[in-house]
S.K.: 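The structure's right below; bear with me while I get my questions together.
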Amino acid sequence: MTIKKVSIGYNPFLEKWKRLYKFQIIYSLLMATILYIPLGILHGEDTFRASIGSMLFWLIVLLHIYYNYYGLTQLITIHTMLKTITYSSFVILFIGYLQYTAVKVGGPFGSIYTVLTSIFALLPIDKLNRGVVFFGSEPASASTLFALTIPVLLGRIIQQKNKKEQKWYILLILLFIPLFISSGSASVWITLLLTICATFIVLTKNLKAYKFLLGITFIIGFIIAIGYGIGNFNKKNTNENKEETNIEYLLLGKIQDTNNLSTMMRSSTIINNMKILGNYPITGVGDGIQGYFYNKNIPNSFLISPEVSKIYKGEVGIIDSGGAYFPAFFSSYGIIGLFFLLPLIRQYFYFFKRWERINLLNIIFMIFIIIFVASAWFSMGIRQNYMVIVMFTLPIVALRYDLYSQKHLSKQSPISLIKKRK
């Protein structure tokens, strides 16, 4: 068997991702060295062992980006990938409605779902009482669909010139909405609202409005995250008499409800990260080392959560920085890290400069990035989130082939496009 060597070539996106990863490795090792003696050993781990896991996770992210880039430029076309994502939405909808009917109706629907849980990694029917989870573990898992599936379907609707096909994509989106609404998840509701706003602005092609939405989303997320860091979660709960289906509770009250065990685990890492950022705003403490400060920073009221209690007692070792990207990044690297993140952000803004020649990839990415900027303060991350990594790869592939013309989204193979350019 002959193995063909393929040159990936220079790409400014990839170079900046590599530069950011090198900084993260060097900086985390430096902070692990500086804090080794002051922090000592906790739950049988030192600072080096605590940070090595995060370094490996980010290496996997970098390798995944390179693999996606290689696959979408050498193995399959963008068109094939988008078509596959579209087809997968049928399976997702089937599981969603089956879960809903299994709980609400039962009978044969419950039996069918029980059989499927024995074959696939689906949540058991007795744990679906809080809402539809699709392939996740809780209703909030539905918000992950806004990272890939929903932006792709919306992009198809906006860019599709065939009215008959466009109606099919609209129908798919409409079928998702009842499941999102019935989830009862605050994160899903807020994400749905943001998606509607972002889609409307993209439709109007108002770049100023889009930048405003992007900026205000980041600022509001940052302000709420600060509230996590300075809030008094040990005070008497004012939401104990609120109905969990109440809109005000879902959108505003749930995040500060100290009786809601579903949000405590996620909230505890955000609280820890934001308190670390408040204490070390310039330097942070290095990635993976946040767990040393966890017991000191989490409110006592959170100990009623079994997951939080296990971490507090050291039964699961030292916890890392959690899933939310922005609190994890800034608590790891502080303002210093921002200087290495900004060049990558500026590179992605290259997509917005071609607003007047907007195409399918622009639409998909621009809807996605609004969702990411909002969710990355509270739940969405990049590590171990392959859908997000795929979305961040799209602009890299677009730059490789200068995909600002609709012809490049055709069924032609990437190899033929390379030959044409030569």
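For reference, positions follow the sequence shown, starting with 1. Here the structure is a predicted model, which is why all the values come from computation and not from measurement.
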S.K.: Salt-bridge test for E15 and K18: reply yes if a basic N is under 4.0 Å from a carboxylate O, no otherwise.
M.R.: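 Salt bridge present between E15 and K18.
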S.K.: Is the gap between the ring centers of F109 and Y113 under 6.0 Å?
M.R.: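 Distance test on ring centres: not under 6.0 Å, no.
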S.K.: For the residue pair Y348 and W17, categorise the inter-ring angle as parallel (less than 30°), tilted (30 to 60°) or perpendicular (more than 60°).
M.R.: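 The rings of Y348 and W17 stand perpendicular, inter-plane angle above 60°.
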S.K.: Using the ring centroid of each side chain, check whether F13 and F392 are separated by less than 6.0 Å.
M.R.: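 No, the ring of F13 stays outside the 6.0 Å limit from the ring of F392, centre to centre.
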S.K.: Ignoring hydrogens and geometry, is there a side-chain-to-backbone donor-acceptor pair from Q290 to I276 under 3.5 Å?
M.R.: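 No: the side chain of Q290 does not pair with the backbone of I276.
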S.K.: Counting only heavy atoms from other residues, nucleotides and ligands, does the tally under 6.0 Å from OH of Y21 exceed 12?
M.R.: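 Check passes, neighbour count above 12.
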S.K.: Who pairs with F212 by ring-ring contact (aromatic ring centres under 6.0 Å, His included), at least two apart in sequence or on another chain?
M.R.: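 With sequence neighbours excluded, F212 shows a ring-ring contact (aromatic ring centres under 6.0 Å, His included) to no residue whatsoever.
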S.K.: Only counting residues at least two apart or in another chain, list the ones meeting salt bridge (Lys or Arg N to Asp or Glu O under 4.0 Å) with K22.
M.R.: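 If we apply the salt bridge (Lys or Arg N to Asp or Glu O under 4.0 Å) test to K22, skipping adjacent residues, there are no hits.
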S.K.: Any donor-acceptor pair under 3.5 Å linking the side chain of W189 with the backbone of I181?
M.R.: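 Yes, the answer is positive, given that a donor and an acceptor are paired below the 3.5 Å cut-off.
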S.K.: Looking at every non-hydrogen atom in both residues, tell me the closest pair between G337 and F329 and how far apart they are.
M.R.: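 Closest heavy-atom pair between G337 and F329: O-CZ, 3.4 Å.
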S.K.: If you look at every heavy atom in G291 and L42, which pair is closest and at what distance?
M.R.: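 The answer is O-CD2, 4.0 Å.
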S.K.: For residues F218 and F326, establish whether the separation of their ring centroids is below 6.0 Å.
M.R.: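 Yes, ring centres under 6.0 Å apart.
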S.K.: Using the side-chain contact (heavy atoms from CB on, under 4.5 Å) rule, take L277 and N273 through it: C-alpha gap first, then chi angles, then the decisive distance, then the call.
M.R.: CA-CA 6 Å; L277 177 60; N273 288 335; over 6 Å; no
S.K.: Just checking, any donor-acceptor pair under 3.5 angstrom between side chains of T144 and S141?
M.R.: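 Not at all, the side chains of T144 and S141 share no donor-acceptor pair under 3.5 Å.
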S.K.: Output every pair passing salt bridge (charged side-chain N to carboxylate O under 4.0 Å, His left out) with a member in residues 284-299, not counting sequence neighbours, ordered by first then second residue.
M.R.: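 Qualifying pairs: D287-R383.
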S.K.: How are the rings of F180 and F146 set relative to one another: parallel (under 30°), tilted (30 to 60°) or perpendicular (over 60°)?
M.R.: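 Aromatic pair F180/F146 classed tilted.
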S.K.: Does a sphere of radius 6.0 Å around CG in L174 hold more than 12 heavy atoms from other residues, nucleotides or ligands, not counting ones at 6.0 Å or beyond?
M.R.: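 For L174, atom CG is crowded (more than 12 foreign heavy atoms under 6.0 Å).
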S.K.: Can a donor-acceptor pair be found, under 3.5 Å and without considering hydrogens, that links the side chain of T33 to the backbone of L29?
M.R.: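 Yes; judged by distance alone, with no hydrogens or angles, the pair exists.
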S.K.: Any chance the rings of Y294 and Y312 have centres within less than 6.0 Å?
M.R.: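 No, the ring centres sit 6.0 Å or more apart.
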S.K.: Classify the ring geometry of Y325 against F372: parallel below 30°, tilted from 30° to 60°, perpendicular beyond 60°.
M.R.: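 Tilted: the ring planes of Y325 and F372 meet at 30° to 60°.
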S.K.: Minimum heavy-atom separation for P12 and Q347, please, with both atom names.
M.R.: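 Smallest interatomic distance, heavy atoms only, reads CB-OE1, 3.6 Å.
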